[in-house]
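Just below is one structure, and these are the notes that go with it.
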Amino acid sequence: MFSSNGEPAYLRLEGPPQPLFIKLVPGGELAKEKETFALALNLAGLGVPTPSPVWHKTTETGVTAFAYEWVDGHHPSGRDLDFHAMGLSIAKLHHALSKLPAKAEISERTVKRVDALNRAVETSKVFSAGSLSRWDVLASRCLSAFTSSTQAILSSGTPIHGDLNPGNMLVSNGDVVFLDLEDASHSALWPGLDLAKIAERLILPQIEAFGVDWAEESLHTLLAGYRNAGMQLPDGEGLTFSDALLWHTGLAVAILATQSFATGVVEAEMRKFSYLTGLIDRHRTMLDTAASP
């Protein structure tokens with residue numbers, strides 16, 4: 001039971017004693033998923049709201065089922081989000097990640113991954129010809145942001161979630177529950193990136209509906225929650241939220257440019273990146289002052 005490209009499949013297994021979330025993983029993905037499972041187990045033990053790992057079993061066919069406690073909730077959206085609570089939760093996650101025994105390994109994997117992408121994009125020709133050539137200017141801009149900010153992103157790095165978006169969070173009984181910790185196993189990056197991704201996905205797209213004042217207040221409240229938990233953002237050689245977001249977009253473009261994806265997938269992703277970079281450009285001033293003490 002896998003998607004057509006061999007990606008993991010997901011299902012719900014009813015109790016007793018409780019329902020479980022099951023992720024079915026093919027053999028080629030097993031080592032990576034075991035790292036994620038162990039990471040979730042450590043974080044749950046440190047009190048971070050995340051679906052608690054229960055068990056994993058390998059079948060005779062080589063497929064491994066990973067079971068996690070099912071969490072009822074909804075993905076965050078709308079005007080009435082509690083950004084202060086979200087900031088507190090992210091701070092708690094960052095604090096727990098900084099205490100992991102595997103912190104040094106996460107940093108080493110991060111540097112190797114980013115260095116490999118930086119080397120690979122130097123020879124990539126994906127956006128220079130054919131139907132994708134219309135994305136060449138945007139791709140070049142994003143890749144330039146990726147290469148120019150990498151040193152600052154890494155030098156101020158500490159383990160973070162690495163892919164905070166509404167689909168990777170649940171609001172459950174007032175808590176923010178973190179899902180999909182896969183990127184955390186290779187994301188020792190400037191911690192402001194996680195907060196900036198919240199701004200990118202949950203605040204900036206709502207400005208037209210709710211107004212700039214609401215957006216500025218929401219961003220301020222998010223940062224206040226993070227700092228009220230006793231966490232501070234490292235200077236990061238002067239990094240701003242817009243720098244971090246453009247770097248992260250460049251990382252995604254680098255992956256598109258150096259791995260085998262169908263043209264339709266690349267087109268869809270580049271349209272999304274065009275929209276996101278437009279948001280960043282229009283609201284750069286707000287983003288650039290957000291991380292200031």
Side-chain angles (χ1 to χ4, degrees), residues 3-8 26 28-29 31-32 35-36 106-157 160-165 167-168 180 182-190 192-194 196-197 200-201 204-205 236-237 239-282 284 287:
S3 61
S4 59
N5 60 359
E7 291 294 318
E29 300 289 322
K32 182 168 62 176
E35 288 176 0
T36 304
I106 292 173
S107 296
E108 184 177 346
R109 282 196 293 267
T110 303
V111 171
K112 286 183 178 178
R113 178 177 184 244
V114 172
D115 283 350
L117 282 171
N118 265 310
R119 290 193 301 271
V121 297
E122 293 177 359
T123 58
S124 173
K125 305 291 185 182
V126 170
F127 299 99
S128 61
S131 62
L132 294 175
S133 61
R134 67 193 183 99
W135 297 113
D136 181 62
V137 173
L138 176 60
S140 295
R141 178 194 176 188
C142 294
L143 291 174
S144 177
F146 173 62
T147 56
S148 63
S149 293
T150 286
Q151 177 59 37
I153 291 280
L154 293 180
S155 64
S156 56
I160 64 173
H161 185 284
D163 189 23
L164 274 188
N165 64 70
N168 286 339
D180 194 1
E182 179 182 323
D183 280 14
S185 66
H186 53 241
S187 291
L189 306 167
W190 183 57
L193 176 60
D194 272 353
K197 292 297 290 183
E200 178 192 79
R201 301 301 295 274
L204 297 187
E237 300 180 23
L239 279 171
T240 66
F241 276 13
S242 57
D243 292 332
L245 289 175
L246 289 172
W247 179 87
H248 195 254
T249 303
L251 171 71
V253 172
I255 292 171
L256 288 177
T258 58
Q259 297 183 19
S260 297
F261 291 95
T263 299
V265 172
V266 179
E267 286 275 4
E269 290 297 296
M270 292 306 296
R271 283 194 294 272
K272 180 179 73 175
F273 298 151
S274 178
Y275 168 72
L276 292 175
T277 54
L279 282 178
I280 295 166
D281 289 342
R282 287 195 296 276
R284 180 178 291 274
L287 290 168

Determine yes or no for a side-chain-to-main-chain donor-acceptor pair under 3.5 angstrom, with [X] supplying the side chain and [Y] the backbone.
X: Asp163; Y: Asp180; answer: no
X: Arg284; Y: Ser242; answer: no
X: Ser144; Y: Ser140; answer: no
X: Asp194; Y: His161; answer: yes

What is the minimum heavy-atom distance between [X] and [Y], and which atoms define it?
X: Lys197; Y: Leu245; result: CD-CD2, 3.7 Å
X: Leu246; Y: Thr277; result: CD2-CG2, 3.9 Å
X: Leu143; Y: Gly250; result: CD2-O, 3.8 Å
X: Ala145; Y: Trp247; result: O-CD1, 3.8 Å

Kindly compute the distance separating [atom1] ([X]) from [atom2] ([Y]), expressed to the nearest 0.5 Å.
X: Arg109; Y: Ser185; atom1: CZ; atom2: OG; value: 5.0 Å
X: Leu193; Y: Ile160; atom1: CG; atom2: CD1; value: 4.5 Å
X: Leu154; Y: Glu237; atom1: CG; atom2: CD; value: 10.0 Å
X: Glu29; Y: Glu182; atom1: CD; atom2: CD; value: 7.0 Å
X: Phe127; Y: Leu132; atom1: CZ; atom2: CG; value: 6.5 Å
X: Ser187; Y: Arg113; atom1: OG; atom2: CZ; value: 6.0 Å

Do [X] and [Y] make a side-chain contact, defined as non-hydrogen atoms from C-beta onward lying under 4.5 Å apart?
X: Glu122; Y: Thr147; result: no
X: Ser156; Y: Leu239; result: yes
X: Phe261; Y: Glu269; result: no
X: Glu200; Y: Leu276; result: yes
X: Leu251; Y: His248; result: yes
X: Leu256; Y: Trp135; result: no
X: Glu35; Y: Ile106; result: no
X: Val253; Y: Phe146; result: no

> How far apart are the C-alpha atoms of Leu287 and Leu204, what are their side-chain angles, what is the distance that settles it, and do they pass the side-chain contact (heavy atoms from CB on, under 4.5 Å) test?
Replying inline: CA-CA 10 Å; Leu287 290 168; Leu204 297 187; 4.0 Å; yes
>> Please tell me whether Thr240 and Asp243 have a donor and an acceptor in their side chains that are separated by less than 3.5 angstrom.
In response: yes
> Going by the angle between their ring planes, with limits at 30° and 60°, are Phe241 and Trp190 parallel, tilted or perpendicular?
Replying inline: perpendicular
